[in-house]
Protein chains: 2
Amino acid sequence: MQNSEAMALSAALLAVAGELTQRIHDGVEARGFEGLRPAHGFAFTRLAPGGATVTELAVHLGVTKQAASQLVDEIVRKGYAERRPHPHDARARLVVLTEQGWACTRAAEEAAAEAVRPWVELLGEREVRALRDRLMRIAPSGPIKPNW
Amino acid sequence: MQNSEAMALSAALLAVAGELTQRIHDGVEARGFEGLRPAHGFAFTRLAPGGATVTELAVHLGVTKQAASQLVDEIVRKGYAERRPHPHDARARLVVLTEQGWACTRAAEEAAAEAVRPWVELLGEREVRALRDRLMRIAPSGPIKPNW
DNA sequence: AGCAGGTAGTCAAGCAGCTTGACCATCTAT
DNA sequence: ATAGATGGTCAAGCTGCTTGACTACCTGCT
């Protein structure tokens, strides 16, 4: 594959990602969850399964644990999560979503579906599923680095 | 398309975009262009065709013109671009890439090709081209908002 | 021609989110 | 039992962005 093709692919991917992020963020706000940034959303996806420690969150977000701790402060203060004692480690605290946190997560899913809808109209559902499958095969499992 | 599917697609897209950004950035650095951030790369793509004014750059990046001006200061100081008088407007200045700026752009293309290579090995060139075509059809023309 | 309002760019101050560094409490391995 | 590693927080500092204010220049209307 030529360099210029690779660059065109990269540019398109980044442009789509940027717009998607914006649309999901706007959709979440429109549903009444304010004062959140996209980084909080990335945190929610890590917290959702069964909670996580600050350090785990820091690894997932690709930031220092101080930054992660500060982010947790914010979402706790706003009522989206709470710190509970960790069941197996007295040093650690398990950060889990509150009911409001779950509601926000569901709102994000709705917003994502809304953001993707124009793609379905343009490409068809079959093509969008194909896109999803290809992306999922090349998606890394490492940290989500939002800082670019 | 279900909400959960849309969310999975979004997550995969953002993860891939994040990793791609990181790889291109690393590749550019490995080729000897240091002290640059991904945002500079987005600026270069706007400057490349025939230069741009600070205000045009600001719109493209989705930031204030003050921030864009500051970014131009940086890449001028580092020798990647220069400010020339605008041919038709004495208020404006046309920011154009220097030879070093072009060299950096070529390095970014090489890095992009390198970053995409594993995808080609995994999916095949035909599939990656299909991915590119789909993404280009849904890519917006608006500002690249790197701040998420 | 001349003036009013809009636009390009810069200077200055402030802020938000991140980093590095230091520290204590607790866990784990020897 | 003790030494080192790990989870978390406090504090200070930096960087890239924002808002606000200003000058120089362009454009359209009278």
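In what follows, every chain begins at residue 1, and chains take the letters A, B, ... in the order their sequences are listed.
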Under a 4.0 Å heavy-atom criterion, the protein footprint on nucleotides 9-16 of chain C, written with B, S and -, is BBB-----
For B:Met1, give me all partners under side chain to side chain contact (heavy atoms under 4.5 Å, CB included), at least two apart in sequence or on another chain.
A:Val116, A:Glu125, A:Val128, A:Arg129, B:Glu5
What residues form a salt bridge (Lys or Arg N to Asp or Glu O under 4.0 Å) with A:Asp89, not counting sequence neighbours?
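In terms of salt bridge (Lys or Arg N to Asp or Glu O under 4.0 Å), with neighbours along the sequence ignored, A:Asp89 is linked to A:Arg91.
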In chain order, what residues pass the salt bridge (Lys or Arg N to Asp or Glu O under 4.0 Å) check against B:Lys78, with sequence neighbours excluded?
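Testing B:Lys78 for salt bridge (Lys or Arg N to Asp or Glu O under 4.0 Å), a comparison that skips the adjacent residues, returns B:Glu74.
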When the C1' atoms of the five terminal pairs at each end define the local axes, what inter-axis angle does the helix from C:dA1-D:dT30 to C:dT30-D:dA1 show, to 10 degrees?
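That helix gives 30° between its end axes.
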Interatomic distance, [X] [atom1] vs [N] [atom2] [rounded to whole Å]:
{"X": "B:Leu36", "N": "D:dT15", "atom1": "CG", "atom2": "C1'", "value": "16 Å"}
{"X": "B:His86", "N": "C:dT7", "atom1": "NE2", "atom2": "C1'", "value": "12 Å"}
{"X": "A:Leu61", "N": "C:dG17", "atom1": "CG", "atom2": "P", "value": "14 Å"}
{"X": "B:Leu57", "N": "C:dA8", "atom1": "CG", "atom2": "P", "value": "13 Å"}

Applying a 4.0 Å non-hydrogen cut-off, can you work out what B:Ala67 is touching in the nucleic acid: base, sugar-phosphate, or nothing?
base
Determine, for A:Glu29 against A:Arg37, whether the closest basic-nitrogen to carboxylate-oxygen distance falls under 4.0 angstrom.
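No.
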Please determine if A:Arg23 and A:Glu114 form a salt bridge, counting it only when a charged side-chain N lies under 4.0 Å from a carboxylate O.
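No.
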Are the side chain of B:Thr105 and the backbone of B:Gly101 linked by a donor-acceptor contact shorter than 3.5 Å?
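Yes.
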Side-chain contact, heavy-atom cut-off 4.5 Å: B:Val95 with B:Glu82?
no
ring-ring contact (aromatic ring centres under 6.0 Å, His included) contacts touching residues 80-107 of chain A (sequence neighbours left out):
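Matches after skipping sequence neighbours: A:Phe44-A:Tyr80.
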Out of C:dC27, D:dC26, D:dT18, which has the shortest distance to the side chain of B:Asp89?
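Per side-chain heavy atoms of B:Asp89, the pick is D:dC26.
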